[in-house]
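Presented below is the structure to which this report refers.
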Amino acid sequence: MAGTEAATDLGSSRRSQDGTATLIPHSGNLEESSRRGIKTTRFKDDDEVVEITLDVQRDSVAIEDVRAVDDGSSGHGGGFDGLSLVSPSSSRSGKLASKLRQVTNGLKLKNSSNKAQQTQLGKNTRKRLDRSKSGAAVALKGLQFVTAKVGHDGWAAVEKRFIQLQVDGVLLRSRFGKCIGMEGSDEFAVQVFDSLARKRGMVKQVLTKDELKDFWEQLSDQGFDNRLRTFFDMVDKNADGRITAEEVKEIITLSASANKLSKLKERADEYTALIMEELDPTNLGYIELEDLEALLLQSPSQAAARSSTTHSSKLSKALSMRLATNKDTSQFYHYWQEFLYFLEENWKRIWVMTLWLSICIALFIWKFIQYRNRAVFNIMGYCVTTAKGAAETLKFNMALVLFPVCRNTITWIRSKTKIGAIVPFNDNINFHKVIAAGVAVGVALHAGAHLTCDFPRLLHASDAAYEPMKPFFGDKRPPNYWWFVKGTEGWTGVVMVILMTIAFVLAQPWFRRNRLKDSNPLKKMTGFNAFWFTHHLFVIVYALLIVHGICLYLSRKWYKKTTWMYLAVPVLLYVSERILRLFRSHDAVRIQKVAVYPGNVLALYMSKPSGFRYRSGQYIFINCRAVSPYEWHPFSITSAPGDDYLSVHIRTRGDWTSRLRTVFSEACRPPTDGESGLLRADLSKGISESNARFPKLLIDGPYGAPAQDYREYDVLLLIGLGIGATPLISIVKDVLNHIQQGGSVAGTEPEGRGRTKKRPFMTKRAYFYWVTREEGSFEWFRGVMNEVAEKDKDGVIELHNHCSSVYEEGDARSALIVMLQELQHAKKGVDILSGTSVKTHFARPNWRSVFKHVAVNHDNQRVGVFYCGEPVLVPQLRQLSADFTHKTNTKFEFHKENF
């Protein structure tokens, strides 16, 4: 019988054959006192009558009083004569607690258990019960041993795995976790096995299939009470019904190991004391099942509550209906919609690519027709027309390929002009690669046609056919094939082909990122250095190209030798850029602070050069002569434009960054109390330059990036994976600085060196989602998180930290972590993982829910979605941006940072 029914009808209980108590009607009527909401009811169990007085409000129930009624009072029609208070030593206290759990089944415990007295009566007389949906939701989600990732495929799949893993018809204890689908948590799975076996009095270390099915049925039982008992039994190793501090510490250590939280494991003693202090205030030395239940069902966090209140249920429901897939639409309609989405998302790329291809095809056709009408066609045929057509596109692409890598020019154009509205400057490197592919095709056609077709045909031509060729190749026919190769036209072409092939191959990700196996002898010849040096062989290639274009066989007039005309402006522009970089990066910046963080992250804080202006989201190139005098690597700026310093956070992922971390680590020391990181050095705190021998750094920049346009949007949705949060942190800090300066007024943006321009700051709200696998990562930006929490009084910036190594909330493996997080945050206002006031979420976000949350709260507004991280998430975020843009009134514009 539901608790709500028991609370409104006078009843008693009887015991069924299996020993459980069942409520039955009891004579008498429900009494209601003069105070509104005060109701009294009685329960009967054999010869025992218990009267409970409840204070029933709209959304809560309070137990006002619990009394035992004399046997004779049962015939008084429910009167209150002869009531006596239940004795603390009464043996009926266990039955009474059982009744109360039946009465309050499904309701949320609003206050944790208070052990003011060492009796069951003291535990149960003043608990507040909340009827709100949140209580039921917490109970439903908590302590799930079978989740979407564990055992979701049902018993059939478990049985199949049993057949695969069994040895002589039984399943070994060590294979239990793998069999039920709890892979990656072997130690936790073994503890679950032991608790289930202990409950059944089993001492063997193996299971038959029937025993496994019995275990599985208990684990997959969706009843919260059953899951709670299973978890309690797992902690209560001696099965005495009490959990000691030592047992609490063991389960904390076990949960920390299962969730890969090494720091939490190191502080197991501290968190054990925290739990015991909360659930055992009278220092009994143990806690019981009711105490654990109270902790599990305590109030949701303020962040969750705030999130739920910001959602309008009606709007959210309407939005869900609009986003639902129409199953009645045809397959053609589905593909047509996908095509329209593709066009809207990629129209800038499409028109640029169409223009580029059109120019290439037009140049090819123009030269093809030109040589089709010349005498040389009679000897060489379509080979020469193909070679000359390819040569014309090759000249065009060799000129064009330099523009996408003129970073200063692109940064200036996107900052000063509106061309960025139609030209996808964010894809400059991708366009550079596409043009390089066009160059490769042109080289193959041009060189292939000449070497394999044109020259052999000329050598074998008859005297009459050769006659028109004498003005170009001489009166005497070339004697052999070598004559063509050793000539200026020949050897320059061959050398260019060789150098371009080497540079093209070593620029491929497989070689540039040094992904070859250690046993491969070519591994030492690959990597970034190989890419950098071979790419600069193009200086020689361009010089040879000009020579090759002047010494042509079939063109003698200077104005027909157009190679230098194609290359003049692009080469001049690129050379100017390199000279500018050289002068701009001549002076070294002064290192102010260094910190080495967990996760192999090096944070560098530098002095800001005079006149150095930038926007959040932009990046700089860094060179360290102590590591390599030639290598320059790009890193996003993590400081805000308003800061008086310049900072970058560098993840050590390759040879150069690893050596950089090593040389700076040698000048650092362990941090003192109150400082984060593994190693630190701070010149502003008394460390002299002689003591901290930092290597010199040169910087070049800033350069434009997709994230720099964030100020143009009403709402920002910033999504960073791991170290990909670096450009987004700068944006968060800039928004915070803007809030402190007075809100929606004109913001200052860079307008060249030494000049500024006032532009409106459009951003009114920012959502920052940071997903990382390692708990130590939160140290990277702990100061920023605390600063936002402290200074953002109006809640303009909403921070969401996600630790993906921790199992999702509701999973039994993370249940104790959730408890600890709630307790730590309630008592000290600090999250157990991030060490900040920003609470950490567990597992990865549901991105569809994130977009829905933003769309519901920002109707008819433009949302800039900025993502930086591994490419794996790009398709999903791009698709969600398109879906919510077309099916809601909120416009989402997706931008991907090159990572």
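Reckoned from all heavy atoms, side chains included, excluding hydrogens, waters and symmetry mates. Along the sequence shown, residues are numbered consecutively beginning with 1.
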request  = For Asp792 and Ile797, indicate whether the former's side chain and the latter's backbone hold a donor-acceptor pair under 3.5 Å.
outcome  = yes
inquiry  = Testing the basics here: between Ser647 and Tyr605, what is the closest heavy-atom pair and its distance to 0.1 Å?
reply    = CB-CD2, 3.6 Å
request  = Hey, can you tell me if Tyr703 and Tyr619 have their rings parallel, tilted or perpendicular (30° and 60° cut-offs)?
outcome  = tilted
inquiry  = With a 4.5 Å cut-off on side-chain heavy atoms, are Ile622 and His633 touching?
reply    = no
ask   = Is it true that atom CZ of Arg862 has more than 12 heavy atoms of other residues, nucleotides or ligands lying nearer than 6.0 Å?
value = yes
ask   = Is there a donor-acceptor pair closer than 3.5 Å between any side-chain N or O of Asn623 and the backbone N or O of Glu631?
value = yes
query = Is a side-chain donor or acceptor of Ser616 paired with a backbone partner of Ser730 at a separation under 3.5 angstrom?
reply = yes
task = Flag the pair Arg813 and Glu187 as a salt bridge only when some basic side-chain nitrogen lies within less than 4.0 angstrom of an acidic carboxylate oxygen.
result = no
note = dist Arg651:CZ -> Trp780:CH2 (nearest 0.5 Å) comes out at 4.5 Å
ask   = Does Thr534 reach the side chain of Phe511, with side-chain heavy atoms less than 4.5 Å apart?
value = no
Any donor-acceptor pair under 3.5 Å from His802 side chain to Ala843 backbone = yes
ask   = Stepwise, does the side chain to side chain contact (heavy atoms under 4.5 Å, CB included) test hold for Ile275 with Leu816?
value = CA-CA 10 Å; Ile275 289 182; Leu816 200 66; 4.2 Å; yes
inquiry  = With side chain to side chain contact (heavy atoms under 4.5 Å, CB included) as the criterion, how do Leu264 and Ile252 come out once you've worked through the C-alpha distance, each side chain's angles and the decisive distance to 0.1 Å?
reply    = CA-CA 8 Å; Leu264 190 145; Ile252 289 176; 3.9 Å; yes
ask   = Do you see a donor-acceptor pair shorter than 3.5 Å between the side chains of Glu775 and Ser805?
value = no
task = Indicate yes or no: at least one non-hydrogen side-chain atom of Phe431 is less than 4.5 angstrom from one of Pro424.
result = no
Spatial distance of atom NZ (Lys828) from atom OG (Ser837) [nearest 0.5 Å] = 15.0 Å
message = Checking side-chain polar atoms at under 3.5 Å, does Thr638 have a donor or acceptor matched by the opposite partner on Thr726?
response = no
request  = For the residue pair Ser639 and Lys733, confirm or rule out a side-chain donor-acceptor distance under 3.5 Å.
outcome  = no
Full working for side chain to side chain contact (heavy atoms under 4.5 Å, CB included) between Leu698 and Trp632 = CA-CA 9 Å; Leu698 303 178; Trp632 290 81; 3.6 Å; yes
message = Could you check whether any side-chain heavy atom of Phe768 comes within less than 4.5 Å of a side-chain heavy atom of Val735, counting everything from C-beta outward?
response = no
inquiry  = Main chain of Arg615, side chain of Gln618: is a donor-acceptor contact present, judged purely on distance under 3.5 Å?
reply    = yes
message = Between Ile817 and Ile832, is the side chain to side chain contact (heavy atoms under 4.5 Å, CB included) condition met? List the steps.
response = CA-CA 9 Å; Ile817 310 298; Ile832 60 172; 3.9 Å; yes
query = Can you find a heavy atom in the side chain of Glu712 that is under 4.5 Å from one in the side chain of Glu893?
reply = no
query = With distance as the sole test, does Tyr614 use its side chain to make a donor-acceptor pair with the main-chain N or O of Ala640 at under 3.5 Å?
reply = yes
query = Between Leu646 and Ile699, is any pair of side-chain heavy atoms under 4.5 Å apart?
reply = yes
ask   = Closest heavy-atom contact between Ser665 and Arg661?
value = OG-O, 2.6 Å
query = Side-chain donor-acceptor pair under 3.5 Å between Asn857 and His853, yes or no?
reply = yes
Closest approach of Phe531 to Leu506 (non-hydrogen atoms, all atoms of both residues) = CB-O, 3.9 Å
key: Matching residue for Leu274 among Met819, Arg267, Gln824 - test: side chain to side chain contact (heavy atoms under 4.5 Å, CB included)   = Gln824
request  = Determine the interplanar angle of the Phe781 and His649 rings, folded into 0 to 90°, and report it as parallel if under 30°, tilted if 30 to 60°, perpendicular if over 60°.
outcome  = tilted
inquiry  = So, taking the atom named CG in Leu660 and the one named OG1 in Thr652, what distance separates them when rounded to the nearest 0.5 Å?
reply    = 9.5 Å
remark   = Residues Gly617 and Ile731: closest non-hydrogen pair is N-CG1, 4.4 Å
ask   = Does Arg414 come within less than 4.0 Å of Asp709, counting only side-chain N to carboxylate O?
value = yes
Reported CE-to-CD1 distance for the pair Met606 and Ile620, which is rounded to 0.5 angstrom = 4.5 Å
ask   = Do Val806 and Leu833 come close enough that some side-chain heavy atom pair is under 4.5 Å?
value = yes
key: Main-chain N/O of Asn408 paired with Glu577 side-chain donor or acceptor, under 3.5 Å   = yes
key: Audit row: Thr840, Gln821, side chain to side chain donor-acceptor pair (under 3.5 Å) steps and yes/no   = CA-CA 9 Å; Thr840 302; Gln821 185 186 51; 4.8 Å; no
ask   = Is it true that the side chains of Ser814 and Asn259 contain a donor and an acceptor less than 3.5 Å apart?
value = no
message = I'd like to know if Asp734 and Arg711 make a salt bridge, using a cut-off of under 4.0 Å between side-chain N and carboxylate O.
response = yes
message = Check this for me: does any side-chain nitrogen of one of Arg765 and Glu798 sit under 4.0 Å from a carboxylate oxygen of the other?
response = yes
ask   = At what distance, to the nearest 0.5 angstrom, does CD of Glu790 lie from OG1 of Thr836?
value = 12.5 Å
ask   = For Cys803 and Arg773, which heavy atoms make the closest approach, and how far apart are they?
value = SG-O, 4.0 Å
message = Quick one, Lys839 and Glu822 - any side-chain contact, counting heavy atoms below 4.5 Å?
response = yes
task = Name the orientation class of the two ring planes belonging to His858 and Tyr767 (parallel below 30°, tilted from 30 to 60°, perpendicular beyond 60°).
result = perpendicular
note = Residues Ser881 and Val865: closest non-hydrogen pair is OG-CG2, 4.0 Å
ask   = Do the ring planes of Trp770 and Phe778 sit parallel (below 30°), tilted (30 to 60°) or perpendicular (above 60°)?
value = perpendicular
query = Ignoring hydrogens and geometry, is there a side-chain-to-backbone donor-acceptor pair from Lys608 to Pro641 under 3.5 Å?
reply = yes
query = Is the backbone of Pro404 close enough, under 3.5 Å, to the side chain of Asn428 for a donor and an acceptor to pair up by distance?
reply = yes
inquiry  = Once rounded to the nearest 0.5 Å, what's the spacing between atom OH of Tyr271 and atom CG of Leu820?
reply    = 7.5 Å
query = Taking the side chain from Asp643 and the backbone from Tyr645, do they hold a donor-acceptor pair closer than 3.5 Å?
reply = no
query = Under 6.0 Å between the ring centres of Phe892 and Phe851?
reply = yes
